[in-house]
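Here the structure is a predicted model, which is why all the values come from computation and not from measurement. Each chain gets a letter, A, B and so on, in the order its sequence line appears, and its residues count up from 1.
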There are 2 protein chains.
Amino acid sequence: MSDVTKSCLVQKLSTYISLDSVSQRHLARLEEKEQMLDKAEIVNTIGTTTDALYVVKTGWLYAYADLADGRRQILRLYHPGDVIGFPDIAFHHATATVRAVEATCLCPFPKTHLDSIFRESPRLTALLFTLAVRDQVIFMDLMKAMGRMSARERIGYLLLDLISRLRITNTTMTDTFRLPLSQTEIGDMLGLTNVYVSKTFRQLEQDEYLERDGIKVRLLREGDLIEMTDFYNRYVDMDVSWFPGQAG
Amino acid sequence: MSDVTKSCLVQKLSTYISLDSVSQRHLARLEEKEQMLDKAEIVNTIGTTTDALYVVKTGWLYAYADLADGRRQILRLYHPGDVIGFPDIAFHHATATVRAVEATCLCPFPKTHLDSIFRESPRLTALLFTLAVRDQVIFMDLMKAMGRMSARERIGYLLLDLISRLRITNTTMTDTFRLPLSQTEIGDMLGLTNVYVSKTFRQLEQDEYLERDGIKVRLLREGDLIEMTDFYNRYVDMDVSWFPGQAG
DNA sequence: CGTTTGCTTGAAGTAGGTCAATGTGAGTGG
DNA sequence: CCACTCACATTGACCTACTTCAAGCAAACG
């Protein structure tokens with residue numbers, strides 16, 4: 001049982017619903033194997049075929065796509081307890097390249113493990129489905145930021161999103177968190193240049209929205225940031241009331 | 001049976017997998033009722049609670065979010081055969097406002113109908129899950145466009161996405177389609193102003209990428225547009241090979 | 001200890017925004 | 001059938017948020 005309780009995946013999913021033993025057994029199968037990655041190492045390349053998904057055990061990663069002329073868009077970030085590769089189960093070829101931000105530990109598992117979850121655990125299925133559509137909502141929030149917000153607002157939005165995600169599993173976290181992304185990477189997430197990210201960060205610092213200390217960021221006026229960016233925390237407040245009941 | 005074959009939902013889903021009679025019966029339940037909407041009428045407002053989802057029978061609609069100062073982002077478009085409201089099943093409150101682009105017919109159904117699909121039809125569940133993650137991929141494609149592409153590229157991307165979606169159900173369509181969106185709405189989808197949308201459209205016309213005739217658009221050099229925008233058609237090429245088999 | 005990677009800062013350029021005027025077709029009431 | 005309105009498209013002049021280019025610096029790293 002200690003193995004199960006150590007799993008970030010189980011820990012993350014448990015914050016939403018209680019997991020019966022059948023569900024826990026299904027989830028445990030997803031973390032049977034381990035694979036270590038160095039900083040900047042690539043998990044899977046866009047356009048290649050792959051049968052594997054991954055549970056993130058430690059470290060941050062991101063999925064991105066390149067344009068022909070070198071422009072790059074980072075599409076999503078993965079933290080411990082997240083599953084990499086759901087989008088790819090819908091297609092024959094990987095739709096994005098995934099790269100490790102830092103040294104990382106992953107647990108690969110085959111697509112077919114999902115199949116058995118769909119057949120045997122309606123409750124877990126409902127949760128996975130709900131998380132998939134919740135991710136859609138989070139993408140739409142981000143689209144609102146990218147389409148209609150200034151650089152300052154976008155960066156504020158990103159910081160709020162990050163701290164909210166980290167709080168899912170780290171309930172003791174207050175206003176400070178580790179941000180292991182370079183400013184070029186932040187720009188590639190938000191559609192900005194590294195130069196302007198730097199300038200905007202300095203401004204936010206000067207206006208006392210935040211403090212930085214190396215890789216650490218401290219949000220000084222989170223409430224003001226929330227108001228500035230019209231931020232809504234999608235990581236709490238999920239509706240699980242309609243889920244099918246627990247299996248025996 | 002003629003009722004079932006007339007359903008855009010069944011028609012759309014049938015292009016991906018064969019639907020057994022159990023699945024068809026489940027889907028038929030989603031279109032038992034009908035509701036008409038006028039142009040510009042609102043389906044549900046952001047922040048309100050709702051128990052209903054909707055199958056689109058005829059007409060276009062869109063979901064959007066407003067910022068405090070009047071800026072607006074259109075988040076997604078709905079066409080006949082699409083389901084409105086999946087994102088909302090994850091939350092207690094609606095995450096966006098949905099409005100009819102033109103006169104529209106919807107079929108409302110309660111969340112609980114999904115529950116029974118999850119329990120009784122693993123194959124349909126797998127399809128719905130796959131469509132949800134496919135939508136994620138489409139959002140990420142759009143994010144790439146919004147984050148890293150010029151106005152010209154973004155508009156090209158939108159036109160390609162639209163024509164590809166329309167081709168799912170209208171297999172005879174060639175290079176011309178009806179575009180009932182105003183330039184303000186197109187701008188609100190792509191993070192541009194109506195003024196610049198107008199200027200960019202004129203340029204695209206002048207460079208002979210397209211022709212316009214009132215509400216109709218004709219793509220003259222679709223291949224060049226695809227290359228320009230690095231477009232990948234996500235509406236074909238889905239992987240359904242891993243789905244659970246058909247029920248009896 | 002040289003090299004690389006990332007952050008900062010400034011100067012100059014540009015894609016797209018803002019503002020404002022004009023045109024135009026679709027509806028609507030008389 | 002006409003006059004009026006209204007929503008939408010177009011166009012031009014001007015503006016600015018962000019980019020590009022370039023240089024200098026600090027920290028990490030082999």
- Query: Below 4.5 Å, heavy atoms only, C-beta onward: do Tyr78(A) and Arg76(A) meet side chain to side chain?
  - Reply: yes
- Task: Nearest whole angstrom, please: distance from the P of dT16(D) to the CD of Gln203(A).
- Result: 15 Å
- Message: At under 4.0 Å between heavy atoms, how does the protein contact nucleotides 18-29 of chain D? Give one character per nucleotide, 5' to 3', with B, S or -.
- Response: BBBB--------
- Task: Without swapping roles, check the side chain of Lys144(B) against the backbone of Ile74(A) for a donor-acceptor pair under 3.5 Å.
- Result: no
- Query: Can you pull the contact range of chain B along DNA chain C, 5' to 3', using atoms under 4.0 angstrom from its heavy atoms?
  - Reply: dA15(C) to dC19(C)
Side-chain polar contacts of residues 39-47 of chain A - donor-acceptor pairs under 3.5 angstrom, sequence neighbours left out - could you list them?
from: Glu41(A); atom 1: OE1; to: Asp38(A); atom 2: N; distance (Å): 2.7

- Message: Checking Ser150(B) against Glu153(B): is there a side-chain donor and acceptor pair closer than 3.5 Å?
- Response: yes
- Query: Is it true that the side chains of Ser7(B) and Glu31(B) contain a donor and an acceptor less than 3.5 Å apart?
  - Reply: yes
- Query: Got a sec, which pairs hit ring pair (Phe, Tyr, Trp, His ring centres under 6.0 Å) with one end in residues 202-225 of chain A, sequence neighbours left out?
  - Reply: none
- Item | Qualifying ring pair (Phe, Tyr, Trp, His ring centres under 6.0 Å) pairs, either residue in residues 139-188 of chain B, two or more places apart | Tyr157(B)-Phe231(B)
- Between Gln183(B) and dA7(D), does any side-chain N or O lie under 4.0 Å from OP1 or OP2? no
- Item | dT10(D) OP1/OP2 closer than 4.0 Å to side-chain N/O of Ser198(B) | yes
Apply salt bridge (charged side-chain N to carboxylate O under 4.0 Å, His left out) to [X] and list each qualifying residue two or more places apart in sequence or on a separate chain.
X         : result
Glu185(B) : none
Arg134(B) : none
Asp161(B) : none
Asp51(B)  : none

- Message: At 4.0 Å (heavy atoms only), tell me whether Arg212(A) reaches a base, stays on the sugar-phosphate, or touches nothing.
- Response: sugar-phosphate
- Kindly state each residue pair satisfying side-chain hydrogen bond (donor to acceptor under 3.5 Å, both in side chains) with at least one member in residues 85-103 of chain A, sequence neighbours excluded. Tyr62(A)-Arg99(A), Tyr64(A)-Arg99(A), Asp88(A)-Thr95(A), His92(A)-Asp237(B), Glu102(A)-Arg178(A)
- Message: Below 4.0 angstrom, which residues in residues 96-104 of chain B have at least one non-hydrogen atom near DNA chain C?
- Response: none
- Please round to the nearest 0.5 Å and tell me the distance separating atom CG of Leu160(B) and atom CG of Asp141(B). 11.5 Å
- Message: Assuming nearest nucleotide by heavy-atom distance, tell me which of Lys39(B) and Arg202(B) is located more 5' along DNA chain D.
- Response: Lys39(B)
- Query: Just how large is the angle between the end axes of the helix from dC1(C)-dG30(D) to dG30(C)-dC1(D), five pairs per end, to 10 degrees?
  - Reply: 50°
